[in-house]
Amino acid sequence: MEKFTTLEGVAAPMRIINIDTDRIIPKQYLKTIKRTGLGQGLFSEMRYNDDGSENPDFVLNQPAYRNAKILVVGDNFGCGSSREHAPWALADFGIRCVISTSFADIFFNNCAKNGILAIVVPPEDLEKLFEDAERGANATLTIDLAAQTIKGPDGGTLHFDIDEGRKHNLLNGLDEIGLTLDQKAPAIEAYEAKLAQREWA
C-alpha cells in the first residue's frame, strides 16, 4: 500500500449529505475484484448523462477539479452497503483524502485499509474547507498526516484527530497483511523453520 505522509492537491467540494456507496460506485461496476479501472465509474450516475456524455455541472467534470486529490464532502459520507469497491474507485481516480464531519464506520475503515485518509472535522472547520475548495484552481490544501494538520491556500491551518494505530499504518503504507508481516515476521519465520524440521508421517 502506498504510504500517506504529506499530500498537496486540489480539493473538490461536494455539498451533499448521505452520499452512499452505491452513488460512489454503482452496482454494475462490482463484477470485478480488480482495484484498477474503477475510477471511470466513480460517481458515474452524477458524472455522466443518460447518453454517456459528461455532466458539465458535476464538480469532478469541471476543469479546476478534474485532477482533484482531496474531496470535501457532506455529513455521513460512505453510508449504505459495505462494498470495498468504493474506496478502490476513489483511489483509482486519484483521491487520497476525504474530509467530512462523519463517515459510515465500514467505509471509514475500508479507506484506511486502502491508503485513503478519511478525516473527521467539526462543522465549523468543514465550512471553512468548503469555502477554500470552492475557489476552484486555487483550492489547494496540504495534508500533513504526521503533524495532523490541514493547511489552506491562504496558510490557515486546522488540526485533526486520528487514531494512533490508523496513523501508523497509513504513514508506513501498511494494510492488515503488511502490518502482520511488519510486526510478526520473526515469529512467522521461526514457525516456518520449525515446520520444515518436522518429521511427517
Side-chain angles (χ1 to χ4, degrees), residues 1-12 14 19-21 24-25 29-30 32-39 41-43 67-122 125-126 129 133 140-152 157-192:
M1 189 170 77
E2 185 179 353
K3 293 180 181 181
F4 192 112
T5 53
T6 302
L7 174 68
E8 182 176 355
V10 170
M14 293 182 68
I19 295 180
D20 64 28
T21 51
I24 297 171
I25 185 72
Y29 296 95
L30 305 187
T32 182
I33 57 171
K34 294 180 180 179
R35 300 185 186 199
T36 57
L38 289 169
L42 181 69
F43 300 120
N67 297 310
K69 296 180 181 179
I70 302 162
L71 286 182
V72 182
V73 297
D75 189 54
N76 197 31
F77 188 78
C79 56
S81 68
S82 60
R83 63 190 69 172
E84 196 166 359
H85 291 68
W88 291 356
L90 288 165
D92 191 58
F93 184 85
I95 302 296
R96 294 295 315 281
C97 179
V98 185
I99 307 171
S100 182
T101 50
S102 69
F103 296 90
D105 286 345
I106 294 175
F107 174 82
F108 186 72
N109 290 324
N110 281 339
C111 280
K113 293 174 184 178
N114 289 280
I116 297 173
L117 175 59
I119 298 176
V120 177
V121 296
D125 285 351
L126 188 72
L129 293 168
T140 300
L141 300 181
T142 302
I143 315 293
D144 186 331
L145 178 54
Q148 296 177 212
T149 58
I150 306 168
K151 183 183 286 186
T157 301
L158 302 174
H159 181 271
F160 63 90
D161 295 322
I162 185 171
D163 172 80
E164 282 300 320
R166 189 184 306 273
K167 178 179 177 179
H168 171 82
N169 293 349
L170 285 165
L171 283 171
N172 293 283
L174 300 173
D175 58 13
E176 290 176 332
I177 294 173
L179 181 63
T180 300
L181 293 173
D182 180 61
Q183 294 183 344
K184 304 293 184 181
I188 293 169
E189 289 168 4
Y191 178 75
E192 290 177 342

Review point. Between D144, T142, I119, D125, which is the residue that forms a side-chain contact (heavy atoms from CB on, under 4.5 Å) with I150?
Key: I119

Review point. To the nearest 0.5 Å, what is the distance between CG (N172) and NZ (K3)?
Key: 6.0 Å

Check your understanding: Does the H85 side chain pair with the main chain of T21, one donor and one acceptor, at a distance under 3.5 Å?
Key -> no

Check your understanding: Shortest non-hydrogen contact from A12 to A133?
Key -> C-CB, 4.4 Å

Point to revise | side chain to side chain contact (heavy atoms under 4.5 Å, CB included) assessment of V72 paired with L126 | key: CA-CA 8 Å; V72 182; L126 188 72; 3.7 Å; yes

Exercise for review: Hey, could you give me the CG/CG distance between L141 and L129, rounded to the nearest 0.5 Å?
Suggested key: 6.0 Å

Review point. Between the side chains of N110 and R83, does any donor sit under 3.5 Å from an acceptor?
Key: no

**Study point:** Backbone N/O of I116 and side chain of N114: donor-acceptor pair under 3.5 Å
**Key:** no

Exercise for review: Please say whether more than 12 non-hydrogen atoms of neighbouring residues, nucleotides or ligands are located less than 6.0 Å from CG in D105.
Suggested key: no

**Study point:** Interatomic spacing from CG in L117 to NZ in K167 - rounded to 0.5 Å
**Key:** 10.5 Å

Review point. With a 4.5 Å heavy-atom cut-off, do V121 and L158 have their side chains touching?
Key: no

Review point. Going by atom types alone, do S102 and D75 pair a side-chain donor with an acceptor below 3.5 Å?
Key: yes

Revision key, fill the gap. Those residues at least two apart in sequence (or on a different chain) that pass side-chain contact (heavy atoms from CB on, under 4.5 Å) with A118 are F103, F108, C111

Point to revise | Within 6.0 angstrom of L7 CG, more than 12 heavy atoms from elsewhere | key: yes

Point to revise | Under 3.5 Å: donor-acceptor pair, side chain of Q148, backbone of F160 | key: yes

Point to revise | Sequence-distant partners of K69, side chain to side chain donor-acceptor pair (under 3.5 Å), two or more places apart | key: none

Practice item. Taking the side chain as every heavy atom from C-beta outward, state whether P87 and F107 have any pair of such atoms under 4.5 Å apart. Key: yes

Revision key, fill the gap. So CD1 of I25 and OG of S81: to nearest 0.5 Å the spacing works out to 11.0 Å

Check your understanding: Picking from L38, T36, I24, L42, what satisfies side-chain contact (heavy atoms from CB on, under 4.5 Å) with W88?
Key -> L38

**Study point:** Straight-line distance of T140 OG1 to I70 CD1, nearest 0.5 Å
**Key:** 8.0 Å

Point to revise | Expected output: side-chain S100 to main-chain G74 donor-acceptor under 3.5 Å | key: yes

Check your understanding: Do NZ/NE/NH1/NH2 and the carboxylate oxygens of R96 and E2 come within less than 4.0 Å?
Key -> yes

Check your understanding: Would I99 and L71 count as a side chain to side chain contact (heavy atoms under 4.5 Å, CB included) if you check the C-alpha gap in whole Å, the side-chain angles of each, and the deciding distance to 0.1 Å?
Key -> CA-CA 6 Å; I99 307 171; L71 286 182; over 6 Å; no

Point to revise | Interatomic distance, E8 atom CD to I143 atom CD1 [nearest 0.5 angstrom] | key: 10.0 Å

